[in-house]
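Below, chains carry the letters A, B, ... as their sequence lines are ordered, and counting in each starts from 1. Keep in mind that this is a model prediction, so the values were computed, not measured.
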2 protein chains.
Amino acid sequence: MAATPPLHRSSDADTRRRIIRATAALLQQQGYESTSVKRIAGAAQASPSSVYHFFPGGKQELAIEAMHHGAREFGEMLAEGLASAADPAEATAACALLLADDLKQSEWSDGCPVAVTALETIGRVPGLQEAATQALTQWQSLVTAKLTESGIAPAAARSLAGTVISMLEGAELLSRVTADDTPLRDAAVHLGQLVRAAPRV
Amino acid sequence: MAATPPLHRSSDADTRRRIIRATAALLQQQGYESTSVKRIAGAAQASPSSVYHFFPGGKQELAIEAMHHGAREFGEMLAEGLASAADPAEATAACALLLADDLKQSEWSDGCPVAVTALETIGRVPGLQEAATQALTQWQSLVTAKLTESGIAPAAARSLAGTVISMLEGAELLSRVTADDTPLRDAAVHLGQLVRAAPRV
DNA sequence: CACTGGTTGGAACGTTCGATCCAGAGTGTC
DNA sequence: GACACTCTGGATCGAACGTTCCAACCAGTG
């Protein structure tokens, strides 16, 4: 598979990365069904042939890889928010505010990289649903780690971390649909309250 | 427009209602883009001509009406949950549990009648986005009323009600995607905590 | 300089989409 | 019985979809 050393001009892997990035961006903005392969190719400055050359599995395979890419990016943002304060309550609230700022800056267009695509394809594109589950689980683990580090009991931390992700997803949905960051800002306040009230070991 | 009294056999309005119901069900399950007019007609035991006869605005108009229908139904379920207990904390928790049971019973297929469709069409079908905003606002008002009735300060109640809707939406998303009702059950617990801690007048 | 193998552009495939059209069925009015 | 009207079944439209195909292209090797 990797028999030949990559002596190429690097255009190869570059094109592949451009395609994934373009796909991730479009999925985040308009979901799976509204995003055509032709449009992806256009946004990535590539031709449809290149898309199918690098992703023989077609749109599905491409979407799965793009979702992994988006999940990693979103995870980094989450980690940044969680690291912004020692106190876990402040940290989780910061995540919601970070999301609110980013979302507003993109004029409510760059939402969660998983939500729309996952909801659209539930039960119909198993690979995508699996990738989405992985992403959500990974994010929950990030939050769980922060909560346990701060002295919250492990069982409570896991459950609370799930609720943090739920709240972020839901508030982002409301904010995008209503084009108003109030839901995310309220979520920040209430997440802080919840974490502060969590039982410590 | 309504010059003639409705002396018909009632088959007219019946077909129309069947179409709306079928559309609402399909939108709830698979969203806007994956739902074709032909499939709607099939599910409603009608012909494509009938769909365009009753909804000259085409798929968009139909989807908007279907979303209003779904919003009303979901609102009734919410009202049922809220009325199931005098204590507002228990009542909101009951809503989450009601959702969890319904969702599980449909094998994670019948989700929120607004979420997927609204997310898919943000910024591209303004009428749908407006209908979704109406639905979310209306649900929030239901929760706000219950909270203020129970002695929670009006400003806190409005904000908290928004968070309740965010949490329900988010937890339902996680539950559907992961095919596991844990997120909704955890949401019930945490929503109860949040409401219990709300400031009273 | 031919040759090889990965990469690309663009045309083309069959299918399905939303939407339109029209002949006719059904019903109530004179 | 003739007419007006709303409603329906099914064929049909052009456009767009995901995908395939193939001829050209290009760098590296002998």
Side-chain angles (χ1 to χ4, degrees), chain A residues 1-20 22-23 26-27 30-67 117 120-121 124-128, chain B residues 1-20 22-23 26-27 30-67 117 120-121 124-128:
Chain A
M1 203 178 290
T4 348
L7 295 177
H8 299 287
R9 264 250 331 282
S10 88
S11 162
D12 308 3
D14 227 49
T15 304
R16 192 180 200 279
R17 196 161 28 234
R18 275 207 319 278
I19 292 174
I20 287 191
T23 307
L26 288 170
L27 287 188
Q30 35 175 13
Y32 185 77
E33 301 290 350
S34 306
T35 300
S36 77
V37 176
K38 215 161 262 182
R39 173 119 190 246
I40 290 173
Q45 290 178 281
S47 105
S49 331
S50 298
V51 174
Y52 284 93
H53 173 72
F54 289 108
F55 306 92
K59 195 184 178 183
Q60 296 194 10
E61 179 188 349
L62 177 50
I64 292 172
E65 292 238 26
M67 188 172 283
T117 303
E120 273 182 302
T121 58
R124 288 182 301 136
V125 187
L128 267 178
Chain B
M1 205 176 290
T4 347
L7 296 176
H8 299 287
R9 263 252 332 281
S10 89
S11 163
D12 309 3
D14 228 49
T15 304
R16 200 184 130 92
R17 196 161 27 234
R18 275 206 318 277
I19 293 174
I20 289 191
T23 307
L26 288 170
L27 287 188
Q30 37 176 8
Y32 185 78
E33 302 290 349
S34 305
T35 300
S36 77
V37 176
K38 213 162 264 181
R39 173 121 190 244
I40 290 174
Q45 289 178 281
S47 108
S49 330
S50 299
V51 174
Y52 284 94
H53 173 73
F54 288 109
F55 306 92
K59 194 183 177 183
Q60 295 194 11
E61 180 188 348
L62 178 50
I64 292 172
E65 292 237 28
M67 188 172 284
T117 303
E120 273 183 303
T121 58
R124 289 182 301 137
V125 187
L128 266 179

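In terms of heavy atoms, B:Leu26 sits closest to B:Ala43 at CD1-CB, 4.3 Å. Nearest heavy atom pair, residue A:Ala46 against residue A:Thr15, reads CB-CG2, 4.2 Å.
The listed nucleotides are D:dG18, C:dT20, C:dT8; the one nearest the side chain of A:Lys59 is D:dG18. Counting only heavy atoms from C-beta on, B:His53 has its side chain closest to D:dC7 among D:dC7, D:dG10, C:dG18. Comparing C:dC21, C:dG6, D:dT19 by their nearest atom to the side chain of A:Val37 picks out D:dT19.
Taking OG1 of A:Thr35 as the reference point, atom CG of A:Leu62 lies at 10.0 Å (rounded to 0.5 Å).
Separating the OH atom of B:Tyr32 from the P atom of C:dG18 is a distance of 8 Å, rounded to the nearest angstrom. In this structure, A:Lys38 atom NZ and D:dA16 atom C1' are separated by 8 Å, rounded to whole Å. Between A:Phe55 atom CZ and D:dT20 atom P there is a gap of 15 Å when expressed in whole angstrom units. As a whole-Å value, the separation of B:Tyr52 OH from C:dC22 C1' is 17 Å. Rounded to whole Å, atom C1' of D:dT19 lies 13 Å from atom CD1 of A:Ile40. Distance A:Phe54 CZ to C:dT8 C1': 9 Å, rounded to the nearest Å. Between the CD atom of B:Glu33 and the C1' atom of D:dC17 there is a distance of 12 Å, rounded to whole Å. Between the C1' atom of D:dA27 and the CG atom of A:Asp14 lies a distance of 16 Å, rounded to the nearest Å.
Residue A:Ser50 is in sugar-phosphate contact alone, with no base atom involved, counting any heavy-atom pair closer than 4.0 Å across all strands shown. Counting non-hydrogen atoms under 4.0 angstrom, B:Thr35 reaches the backbone sugars and phosphates but no base. Among the protein residues, A:Ser36 comes within range of the sugar-phosphate backbone only, with heavy atoms under 4.0 Å from sugar or phosphate atoms but none that close to a base.
By the 6.0 Å and 45° rule, B:Lys59 stacks over the aromatic ring of B:Tyr32.
For the residue pair B:Ser34 / A:Arg124, a side-chain donor-acceptor distance below 3.5 Å is found, with atom types taken as modelled.
Residue B:Ser49 places no side-chain N or O under 4.0 Å from the OP1 or OP2 atom of C:dC22.
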